[in-house]
Amino acid sequence: MSVDEERVRTLMSTLKRRGIVYPAFELYGGVAGLFDYGPIGARILRLVNEMWLNHWLKKGNIVEIDSPTITPNEVLEASGHVGAFNDHAVQCASCNSVSRADHLLENFVSNPDSLSSTELDNAIHANNIVCPSCGKSNWNNAEPMNLMFPTRLGPVGDGRMAFLRPETAQGMFTNFGPLYRHFRQRLPFGAVQLGKGYRNEISPRQGMIRQREFNMAELEYFIDPEDSETLDVIFDSEIELHLLPESDSQSTSTTQMSMSSAIESGIVRHPIVGKFMMDTHELLTTLGIDSARIRFRQHENNEMAHYASDCWDCEIHGSYGWIECVGIAHRGCYDLDAHASASSSGELMAWREYEKPIEVDEIRWIPIQANIGPIFRQDAAAVIQSLEQIEDSPDSLPFDITLMDGRKVSIKDGMVESRRIQKTVNGEWFTPHVIEPAFGIDRIVWHILDHAFDRTEKDGENYDVLRLNECVSPYHAVVLPLFNKEGMPEIAKDVFNRLCAHHGIVPSIDAFGKSIGRRYARADEIGIPWAITIDHQSVEDGSVTIRRRDDQKQIRMQIDELIDSLCSGNLAHSTKWNM
RNA sequence: GCGAGCGUAGUGUAGUGGUUAUCACCCCACGUUGCCAACGUGGGAACCCGGGUUCAAAUCCCGGCGCUCGCACCA
C-alpha cells in the first residue's frame, strides 16, 4: 500500500519537463489541487476521453449528452448534495483543528448524522466532548461543511444560488425525459457525459489523484428492475477478474474468478453491474493499464450510500498504492425519485406493458368532492387520497379510514357514491433503476502514465521510455531526417505533410540540430510508437526506415507503403518485423 | 484545517550573512558527423511572494503561497 515516493518524484518531474502534466498557475506560485495538461498531456487526455466515449457508444443504446457545469441549488438539493444531508464540521476554539461533528458524537448519541447544527452543538456540550487533538472542550458552533463551489447567477444583487457541479450525473437524471423520448420510450438505455467536476477539497493531496477541478466521465444506465435480461456475453467470457468481495473485506488478497461464477454465487448482485465491471476491465486494459494491477473492491454495507444496493470500486495499483479510479454503483430508483418529488414532475417515469392486460371489475367508493370539501376542509385532499388507496372496499356505509398521518375519520352517507369500475389496464408507470459507472479520468491518465513509464539503463545512464499503447500516444509517428543535408530535410518535410493530409493522423517532426540518437530518445520519452528516418538511401530509392519504440528494431519500406500501413493501423502487423 | 520538514534555471542540484550564485543534464545557433542521449564553438535560462533585522539577506526572523509526510477530511 505504501507510496513509492522516489518513483512519484521522478515521474512528476518527467511529466513536467516533457509538457505532459504539471501544477497550474505556477507563474503565481501555484494553486493546490489544480493541474495543467500541457501539449503532450492534453493529447493523451483527449485520446483517453475518445476511447472512453467510443467504448460506450458502440453498445448501440448509449448516447452522449453535455450539460452545464453550473447547476442551480434546487437540483443539488434534490440529489442530496446540499441541505439536510450535509455533514457538519466543528472547529476547536483552542487549537483550530477541525473535526466532523457526527464522528465526535458517534459513541454518545444514536444517528448523530441526522442532527441539525443546533442539536449537534447541544449534544457536544451535554456529553462534554473533548477535542481529539488538544484535549480541551472549547468548541465553535457546528457548521454545515459543503465541499461544493458556490456561485450566484447574475452579476448584481442576490442572484439565484448555484454550484459548480460535483459530478456530471445530475445532468443525465434531469435529462431523463428527453432521453426516454429519444430512445422511443424503450428501456434499457444509457447516457454518458464527459466533463469537469469540482470539489473544494480541504487539502488536495497525492498530485493528480485528488484535485479540486477534475475530468470525469459517467454513464447512467437506466433499466427496468423487473426485466431480467440474460447477458450471454457474461457467460461466454472466460476472462477472470480480481475481486475483493465485501464478505471478506479484511482480506488483502483478491479472489480471481470469472464474472459468471461471481454472479452465480451472488457476490456480484446484478448482471448489469457485472457486465459493466467487465467492460471497465476491457477498456482499462485497452488503454494500457496492466491487468494484474486492476482489482474490484466491493463496498461494505456501511460504506455504501444508503440508496445503493451494490457498489464496486475499480482500483488500480500504481506508485500511490491502490487507488479508486472507477465506481460502479447500483443506485436503484433513488435519483429519479428524488428529482420527481422535488420537481413534482411526472416525466421521470417509464411505462411497462403487462404481458397480459389486467381486466378490472370492482366496486369502489368514489368521493363526492362537493360534499367532502366543506366537511373536511384542509383535510379533504388527504381523505380523498386515502379513499383512492383502499384495497378492499367495505360493503356498506359508514366505515372508517386511516389518513396518511395516522388519524382516523369516518366516511358517512353522502360523502361517497358506489360505482362499478370496469376497465382494461395494459401496463404501469414505474421509476427506472439506474446503474452508474463513474470514471475519474485524471486518475486513469495518471495510471496509464505510471504503468507506461519505464526507466531502463543504457550505457550506464537512465533511459526513459513511455510505453504508451498506440491508441493513447500523443503522435502517431515522428519523422526524422538523419542529417540536415543532401535533401533529407526536404524529403522528411514531404513525408510529414503527406501524413498530415490523412484524416485523424497526427505526426510529429524533429528535424534539426541534434544527433539521431537524441531525437529517438526524445520521441521515446513522450511515447511516440514509430520513428520514420530519412537517410541516404531514401534520397536514392525513396525508401525509409521505421523504428519500433519498444524494442528499437528497424525495418525498411517504400514511403507509399509506409504511409498506407501507418494510416490503416497495420504497421505493427507487418510481416517485415519477423524478418 | 492542525503539526513537522522543505522551496535556487525546464529538470536534478552546490552554496550557513559579503560569490560575477556552482555543477550536470536541458534548450537554441553555427560547424562537424553514414542510425540510437556523439563532438567543437558560441548563446539562453534560477534564489516562490511580501515584509522585517542588517552597512550587507538565497542564507536570519515574521506572514502568505506552494510541495512532501503525519493527523483530520474525501459528502
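First the proteins, then the strands, lettered A, B, ... as listed; each starts at 1. Atom set for the values below is all heavy atoms of this structure, side chains included, hydrogens, waters and symmetry mates excluded.
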Practice item. For rC2(B) versus rG12(B), give the span between their P atoms, rounded off to a whole number of Å. Key: 28 Å

Point to revise | Nearest-angstrom distance, P atom, rG51(B) to rC67(B) | key: 23 Å

Study note, to complete from the structure: Taken to the nearest whole Å, CZ/Arg199(A) to P/rA75(B) is 7 Å

Check your understanding: Considering only the C1' atoms, how many Å lie between rG17(B) and rC27(B), rounded to the nearest integer?
Key -> 35 Å

Check your understanding: Rounded to whole angstroms, how far apart are CE on Met216(A) and C1' on rA75(B)?
Key -> 13 Å

Review point. Quick one: do the Asp313(A) and His299(A) side chains pair a donor with an acceptor below 3.5 Å?
Key: yes

Practice item. Rounded to whole angstrom, note down the C1' distance from rC73(B) over to rA14(B). Key: 39 Å

Check your understanding: In terms of side-chain heavy atoms, does Arg165(A) have a donor or acceptor partner in Gln193(A) at a distance below 3.5 Å?
Key -> yes

Check your understanding: Which residue pairs satisfy the salt bridge (charged side-chain N to carboxylate O under 4.0 Å, His left out) criterion with at least one member in residues 29-42 of chain A, sequence neighbours excluded?
Key -> none

Practice item. Could you tell me the separation between the CD atom of Glu6(A) and the P atom of rU11(B), rounded to a whole number of Å? Key: 17 Å

Review point. Of all residues at least two apart in sequence or in a different chain, which pass the side chain to side chain contact (heavy atoms under 4.5 Å, CB included) check with Asp535(A)?
Key: Leu482(A), Gln537(A), Ser538(A), Thr545(A), Arg556(A)

Check your understanding: When the distance from OH of Tyr334(A) to C1' of rA75(B) is rounded to whole Å, what number comes out?
Key -> 11 Å

Check your understanding: Taking the P atom of each, how far is rC25(B) from rC39(B), in whole Å?
Key -> 8 Å

Practice item. Any chance you could encode RNA chain B as dot-bracket? Rule is Watson-Crick or G-U wobble with both distances under 3.5 Å; [ ] for pairs crossing earlier ones, | for another strand. Key: (((((((..(((.....[....)))((((((.......))))))...(((((..]....))))))))))))....

Exercise for review: Could you check whether the rings of His330(A) and His270(A) sit parallel, tilted or perpendicular, using 30° and 60° as the cut-offs?
Suggested key: perpendicular

Revision key, fill the gap. Heavy-atom nearest nucleotide on RNA chain B taken for Met148(A) and for Thr14(A); more 5' hit belongs to Thr14(A)

Exercise for review: Round to a whole Å and report the spacing from CD of Glu201(A) to P of rA75(B).
Suggested key: 8 Å

Check your understanding: When you compare rG3(B) with rG44(B), how far apart are their P atoms, in angstrom units rounded to a whole number?
Key -> 45 Å

Exercise for review: Measure from CD on Glu77(A) to C1' on rA75(B) and round the result to the nearest Å.
Suggested key: 15 Å

Study note, to complete from the structure: The residue, Arg9(A) or Arg443(A), whose nearest nucleotide of RNA chain B is more 5′ is Arg9(A)

Point to revise | Sequence neighbours excluded - salt bridge (charged side-chain N to carboxylate O under 4.0 Å, His left out) pairs with any residue from residues 194-206 of chain A | key: Lys196(A)-Glu213(A), Glu201(A)-Arg210(A)

Practice item. State whether the distance check finds a donor on one side and an acceptor on the other, under 3.5 Å, for side chain Ser203(A) versus base rG1(B). Key: yes

Exercise for review: Answer with yes or no after comparing the ring centroid distance for Phe163(A) and Phe149(A) against a 6.0 Å cut-off, counting only values under it.
Suggested key: no

Check your understanding: Are the side chain of Asp4(A) and the backbone of Arg7(A) linked by a donor-acceptor contact shorter than 3.5 Å?
Key -> yes

**Study point:** Pairwise C1' distance for rC47(B) and rU22(B), with rounding to whole Å
**Key:** 13 Å

Review point. Using a cut-off of 4.0 Å between protein heavy atoms and nucleotide atoms, how would you tag nucleotides 28-43 of chain B 5' to 3' with B, S and -?
Key: S----BBBBBB-----

Exercise for review: Answer with yes or no whether the side chains of Asp524(A) and Tyr463(A) bring together a donor and an acceptor at under 3.5 Å.
Suggested key: yes

Point to revise | Under 3.5 Å donor-acceptor, Glu218(A) side chain and Thr168(A) backbone | key: yes

Point to revise | Arg331(A) (side chain) donor-acceptor with Glu436(A) (main chain) under 3.5 angstrom | key: no

Check your understanding: Relative to Phe496(A), does Lys493(A) satisfy both conditions: NZ or CZ under 6.0 angstrom from the six-membered ring centre, and within 45 degrees of the ring's axis?
Key -> no

Exercise for review: Mark yes or no for whether Asp442(A), through its side chain, and Asn215(A), through its backbone, hold a donor-acceptor pair below 3.5 Å.
Suggested key: yes

Could you go through nucleotides 64-68 of chain B and list every protein N or O atom that sits under 3.5 Å from one of its N or O atoms, giving the distance for each pair?
unit_1, atom_1, unit_2, atom_2, d
rG66(B), OP1, Ala32(A), N, 3.4
rG66(B), O4', Gly29(A), O, 3.2

Check your understanding: Looking only at atom P, what distance separates rA57(B) and rC49(B), rounded to whole Å?
Key -> 15 Å

Practice item. Considering just the side-chain nitrogens and oxygens of Lys16(A), establish if one lies under 4.0 Å of OP1 or OP2 belonging to rU11(B). Key: yes

